[in-house]
Undergrad: 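Provided herewith is a single structure, encoded as structure tokens, for subsequent inquiry.
Positions are given from 1 along the sequence.
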Amino acid sequence: MARDTLHGLRPAQRRTTADKTPRSPGTGESAHVGAVLARLAEADPDPKAGFDRTDPYRLLVTVLLSAQSTGPTVSRIADALFGAVEDPAGMLDLGEARITEIIRPVGLGPSKARNIVKLSAALLSEFGGAVPRSAAEMRRLPGIGRKSAEVTANFAFHEPVIAVDTHVFRVSNRIPLAPGATVDSVADGLARLVPDRFKDGAHVWLFRHGRDTCIARKPACSRCLVSDLCSWPGKVT
């Protein structure tokens, strides 16, 4: 498998082991969610290896860049952008036109560049140039929605929030874990049902499971670590 990228960031390392021993899902929604995450956690005990060294500002901008773009492309463009700047003040000095030129390959370059400039200015004026530590405060920044805020707060500051992207949404509805018709309903369900001990790593485990195994078309049910805990009608074993 190619080197792992998550929202455009590349961790320093990834350790995985596999365990397909059948286990009881227990009773109740929370018990079932806990059983699934325990299995994924056992297979990937250090899901955010290397991310603790991530600069919160770079992470926030990189997650913003990742909208409708692939991880490897975002990672490459983030490297180019942060090779030219280090902080919000430097980003403002670089200017919207140059930012747009650098980030064009990720798509939606002009709008993303505008938001990068606006959020950089907001960080300087409202937070002294530092990224706020909570997802709620980050959502006040231009261009930062719930997913971007929760990814950044979780990865940079270990806030126990679970961001929901396409992969997490699909897995949560398929197994199911916290089914819902909207991203917010799934995020609220996961926040309620995921045991506290799994909240820090839940986004990464579910993201990777949806990206690598429980994919949109032809999911790899035969090698799924949680197949026996899944009740999806389309499951093939």
Side-chain angles (χ1 to χ4, degrees), residues 1 3-21 23 25-26 29-56 58-60 62-63 66 71 75 131 133-136 138 146-180 183 186-215 220 223-230:
M1 182 183 297
R3 189 179 185 187
D4 186 42
T5 57
L6 183 66
H7 304 297
L9 293 174
R10 292 181 294 231
Q13 58 181 323
R14 180 183 176 193
R15 297 191 291 274
T16 60
T17 57
D19 177 13
K20 295 188 178 181
T21 305
R23 303 176 190 192
E29 291 177 296
S30 185
H32 178 247
V33 172
V36 170
L37 287 168
R39 189 80 58 83
L40 297 178
E42 192 170 1
D44 191 3
D46 195 1
K48 295 195 290 187
F51 287 120
D52 285 343
R53 297 192 295 275
T54 298
D55 170 65
R58 174 171 177 149
L59 174 57
L60 185 64
T62 301
V63 174
S66 71
S75 179
V131 175
R133 298 182 67 89
S134 76
M138 288 183 209
R146 180 171 182 171
K147 188 202 83 169
S148 297
E150 292 187 341
V151 166
T152 305
N154 178 247
F155 278 68
F157 304 117
H158 295 279
E159 184 179 3
V161 289
I162 305 168
V164 176
D165 60 10
T166 301
H167 298 299
V168 177
F169 184 83
R170 179 172 62 254
V171 169
S172 295
N173 275 287
R174 263 190 187 165
I175 291 177
L177 300 175
V183 167
V186 170
D188 291 341
L190 290 173
R192 177 174 57 88
L193 294 170
V194 171
D196 288 346
R197 68 187 184 279
F198 294 129
K199 283 183 177 177
D200 189 50
H203 172 76
V204 183
W205 290 318
L206 297 175
F207 171 91
R208 286 179 176 152
H209 187 64
R211 183 197 61 186
D212 300 334
T213 303
C214 194
I215 59 177
R223 60 176 174 82
C224 175
L225 295 176
V226 296
S227 180
D228 58 308
L229 304 177
C230 174

Undergrad: Taking all non-hydrogen atoms of both residues, which atom of Leu225 and which atom of Arg39 are closest, and how far apart?
TA: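 What the structure gives for the nearest pair is O-NH1, 2.6 Å.
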Undergrad: Look only at the side chain of Arg211 and the backbone of His167, and say whether a donor-acceptor pair between them is shorter than 3.5 Å.
TA: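 No.
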Undergrad: In chain order, what residues pass the side-chain hydrogen bond (donor to acceptor under 3.5 Å, both in side chains) check against Asp188, with sequence neighbours excluded?
TA: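 Testing Asp188 for side-chain hydrogen bond (donor to acceptor under 3.5 Å, both in side chains), a comparison that skips the adjacent residues, returns Arg146.
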Undergrad: So, for Val151 and Ala163, which heavy atoms are closest and what is the spacing to 0.1 Å?
TA: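 Shortest heavy-atom contact: CG2-CB, 3.4 Å.
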Undergrad: Within a strict 4.5 Å, meaning less than it, do heavy atoms of the Val131 and Phe157 side chains meet?
TA: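 Side-chain contact under 4.5 Å: yes.
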Undergrad: Are any of the side-chain heavy atoms of Leu40 and Phe198 separated by less than 4.5 Å?
TA: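 Leu40 vs Phe198: side chains apart.
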Undergrad: The criterion is side-chain hydrogen bond (donor to acceptor under 3.5 Å, both in side chains); which residues satisfy it with Thr166, sequence neighbours excluded?
TA: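 Counting only residues at least two positions away or on another chain, Thr166 forms no side-chain hydrogen bond (donor to acceptor under 3.5 Å, both in side chains).
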Undergrad: Which residues pass the side chain to side chain contact (heavy atoms under 4.5 Å, CB included) test with Ala135, not counting sequence neighbours?
TA: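 For Ala135, the residues satisfying side chain to side chain contact (heavy atoms under 4.5 Å, CB included) (neighbours in sequence not counted) are Ala149, Glu150, Ala153, Glu159.
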Undergrad: Please give me the minimum heavy-atom distance between Pro179 and Asn173, naming the atom from each residue.
TA: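 So the two residues come closest at CA-OD1, 3.3 Å.
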Undergrad: I'd like to check Val164 versus Leu206 (side-chain heavy atoms, cut-off strictly below 4.5 Å). Are they in contact?
TA: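 No - every pair of side-chain heavy atoms lies 4.5 Å or more apart.
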Undergrad: Please report the closest heavy-atom contact between Val204 and Pro47, naming both atoms and the distance.
TA: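 Smallest interatomic distance, heavy atoms only, reads CG1-O, 3.6 Å.
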Undergrad: Just jot down the side-chain hydrogen bond (donor to acceptor under 3.5 Å, both in side chains) partners of His203, sequence neighbours excluded, or say none.
TA: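 Partners of His203 under the side-chain hydrogen bond (donor to acceptor under 3.5 Å, both in side chains) test: His7.
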Undergrad: Determine whether a donor-acceptor pair (N or O, by modelled atom type, separation under 3.5 Å) exists between the side chain of Ser30 and the backbone of Leu193.
TA: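 Side chain of Ser30 to backbone of Leu193: a pair is present.
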Undergrad: Report the residues that fulfil side chain to side chain contact (heavy atoms under 4.5 Å, CB included) with Pro160, sequence neighbours left out, ordered by chain and then residue number.
TA: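 With neighbours one apart ignored, the set is Lys199.
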Undergrad: For Thr213, which residues count as a side-chain hydrogen bond (donor to acceptor under 3.5 Å, both in side chains) partner, sequence neighbours excluded?
TA: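 side-chain hydrogen bond (donor to acceptor under 3.5 Å, both in side chains) check on Thr213 returns Arg223.
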Undergrad: Side-chain contact, heavy-atom cut-off 4.5 Å: Val36 with His209?
TA: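 The answer is no; the side chains never approach within 4.5 Å.
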Undergrad: What distance separates Met138 CE from Ser148 OG, expressed to the nearest 0.5 Å?
TA: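 Met138 atom CE to Ser148 atom OG measures 10.5 Å (nearest 0.5 Å).
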Undergrad: Could you pull out the closest heavy-atom pair between Ala202 and Ile162, with the gap in Å?
TA: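 Residues Ala202 and Ile162, closest heavy atoms: CB-CD1, 3.9 Å.
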Undergrad: Can you find a pair of side-chain heavy atoms, one from Leu190 and one from Val168, that are under 4.5 Å apart?
TA: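 Answer yes - side chains close enough.
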Undergrad: If every non-hydrogen atom of Val171 is compared with every non-hydrogen atom of Cys214, which pair is closest and at what distance?
TA: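 Shortest heavy-atom separation between Val171 and Cys214 comes out as CG2-CB, 4.0 Å.
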Undergrad: Would you confirm whether Arg208, through its side chain, and Asp44, through its main-chain N or O, come within 3.5 Å as a donor-acceptor pair?
TA: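 No, because the side chain of Arg208 does not come within donor-acceptor range (under 3.5 Å) of the backbone of Asp44.
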Undergrad: I'd like to check the salt bridge (Lys or Arg N to Asp or Glu O under 4.0 Å) partners of Asp200; sequence neighbours left out, ordered by chain and number.
TA: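 By the salt bridge (Lys or Arg N to Asp or Glu O under 4.0 Å) rule, Asp200 matches Lys48.
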Undergrad: List in chain and number order the residues that pass salt bridge (Lys or Arg N to Asp or Glu O under 4.0 Å) with Lys147, two or more places apart in sequence or in another chain; answer none if no residue qualifies.
TA: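 For Lys147, no residue satisfies salt bridge (Lys or Arg N to Asp or Glu O under 4.0 Å) once neighbours in sequence are set aside.
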